[in-house]
2 protein chains.
Amino acid sequence: MAMNTLPDKTVERLSQYRRNLLICDANGKEHIFSHEIANIHHITPVQVRRDIMLIGYTGTLRKGYNVKELVALIGEILDNPDGQNVAIVGAGNLGRALMKYFTNRREKLSIVAAFDNHTDKIGTSFAGVEVYPIDQLKQIIKDKNISIAIISVPFDEAVNVAALLVEAKIKGILNYSPRPVNVPENIYLEEYDMVTSLEKVAYFAKNKK
Amino acid sequence: MAMNTLPDKTVERLSQYRRNLLICDANGKEHIFSHEIANIHHITPVQVRRDIMLIGYTGTLRKGYNVKELVALIGEILDNPDGQNVAIVGAGNLGRALMKYFTNRREKLSIVAAFDNHTDKIGTSFAGVEVYPIDQLKQIIKDKNISIAIISVPFDEAVNVAALLVEAKIKGILNYSPRPVNVPENIYLEEYDMVTSLEKVAYFAKNKK
DNA sequence: AATTAATTGTTATTTAATAAACAAAGGTAG
DNA sequence: CTACCTTTGTTTATTAAATAACAATTAATT
Ligand SMILES: NC(=O)c1ccc[n+]([C@@H]2O[C@H](COP(=O)([O-])OP(=O)(O)OC[C@H]3O[C@@H](n4cnc5c(N)ncnc54)[C@H](O)[C@@H]3O)[C@@H](O)[C@H]2O)c1
Ligand SMILES: NC(=O)c1ccc[n+]([C@@H]2O[C@H](COP(=O)([O-])OP(=O)(O)OC[C@H]3O[C@@H](n4cnc5c(N)ncnc54)[C@H](O)[C@@H]3O)[C@@H](O)[C@H]2O)c1
């Protein structure tokens, strides 16, 4: 059932489908067609059906997919039944925005700690998330059973922080600093650089119209 | 010369190469090998050479690439010589973090305005960027020659904001809200959803170790 | 001077992602 | 009751991206 090897892009889309399906559900919509989902996300209905096929769900002909059922199944696939705890490293502008934003957004994903190395940040809390000194990282990751970390420190600290996280046996890292970090195979790493996104938009926009 | 159709992924990597090459340059490094660039970014040297080939630059055998020259050429490819002006729509937590972060980071990309619809935001400024009322969007985009917009409003306002931007003849949009928006062909659209990234890390981390 | 090692630039192959094609099911209209 | 339309599920084809293979060049070494 665990569908161990879903393609990268399918996982991304399932997450997006779910968020928008929850809105449909809240609006009282019971069934939805593949082409309706496709329209929301600007993709083809075939893509949607293919993704849904991969997780083994089956819709009803002429009625489409049952919204609640599909949401529940995506949850079974994406979520860890026992939940997963997340830490934010770097309680600066971005880190604090993330704390405020993510809190209480996903039942199975909780931000339970933040870390910083500046005295004016340590001991404060944002959106209920306490900021701990960075030297307690290893201990608190263990104590609070944290398996995922978001890196939001300045670029020249990213590599150091990643090393600490590896040592603390983290399982997944989302790195928002523009400096790529190096981690062993058994840690899942995702890197995203906002400046690159903006430069990409700038490049393609340049050649428009 | 304009290299009109660089692959998507190559554009992303060129932006990342440049940022790290600038650091190398600042450290006094004059030449760099493809495998050194590759190591920084966790990709293969072939990938690096291929990207560089696509922009028509040629390194010297046994010495590698001239850092300054390569930076300059990437600039010629990615940047608009006259610069491009950027607006942020939604001066909330994320919008303000972006203003503080992007300001003075790229010579050819300037954030020159922000827009909001709440009275407590309008008229304030962050990192030198003034926040205007949303109803002045069309006028100011025209006056300030803004070609790119970043959407950072709550999800249920994203579609409205996108419509305003289309009407204002924007050329590129970077949408950070989780709600996909619809724009005509002649506008370049990039969407990024942080919750999806985190859920993806959570999914793949779940099956680790 | 010949040989080896390092490194680039380019072509070919493989792999991953997307899109197209189409059979099957079942409801609707004539 | 039959023909047709809609929509799903799956296979097949196309496209895009990454990787591998390799020829070419030059510096250093024997
Ligand atoms: N702010 C944005 O919108 C934005 C956009 C794109 C990328 N980023 C990236 O995100 C990262 C953070 O950006 P920011 O704007 O929040 O910066 P910031 O300076 O506001 O925050 C960085 C925080 O990290 C803390 N820190 C520094 N070294 C540390 C260490 N070794 N251990 C723990 N904490 C440490 C600092 O005390 C500070 O609180 C940067 O790498 C930046 O490039 C930010
Ligand atoms: N904060 C984060 O770290 C984070 C992370 C992921 C995604 N996002 C997304 O980014 C967006 C903004 O998040 P945020 O945390 O900054 O929210 P926020 O509530 O702090 O800010 C939103 C801002 O948009 C303004 N606004 C609302 N409607 C508007 C309109 N029609 N025109 C102009 N301005 C308008 C509000 O006044 C507010 O200032 C949301 O869609 C959110 O889902 C944020």
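As a basis for the values below, the full set of heavy atoms in this structure was taken, side chains included, without hydrogen atoms, waters or symmetry mates. A note on names: the letters A, B, ... follow the listed sequences, proteins ahead of strands, and every chain is numbered from 1.
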### Query
Are B:Ile55 and B:Asp51 side-chain neighbours, meaning at least one heavy-atom pair lies under 4.5 Å?
no
### Task
Indicate yes or no: at least one non-hydrogen side-chain atom of A:Tyr176 is less than 4.5 angstrom from one of A:Leu98.
yes
Distance check needed: [N] [atom2] versus [X] [atom1], whole Å only.
| X | N | atom1 | atom2 | result |
| --- | --- | --- | --- | --- |
| B:Gln47 | D:dA16 | CD | C1' | 12 Å |
| A:Asp51 | C:dA19 | CG | C1' | 13 Å |
| A:Leu70 | D:dG9 | CG | P | 10 Å |
| B:Glu12 | D:dA17 | CD | C1' | 12 Å |
| A:Ile55 | D:dG9 | CD1 | C1' | 14 Å |
| B:Lys9 | D:dT19 | NZ | P | 11 Å |
| A:Asp8 | D:dA18 | CG | P | 12 Å |

Sequence neighbours left out, cut at 3.5 Å: what donor-acceptor pairs do the side chains of residues 43-50 of chain B make with other protein atoms?
residue, atom, partner, partner atom, Å
B:Thr44, OG1, B:Gln47, N, 3.2
B:Arg49, NH1, B:Ser34, OG, 3.2

### Query
What string of B, S and - do you get for nucleotides 3-15 of chain C, 5' to 3', when a contact is any protein heavy atom under 4.0 Å?
--BBBBBBBB---
#### Entry: salt_bridge(A:Asp8, B:Lys200) N-O dist < 4.0 Å
yes
### Message
Closer than 4.0 angstrom, basic N to acidic O: yes or no for B:Asp25 and B:Lys68?
### Response
yes
### Message
Could you check whether A:Gln16 and A:Asn20, counting side-chain N and O atoms only, form a donor-acceptor pair closer than 3.5 Å?
### Response
no
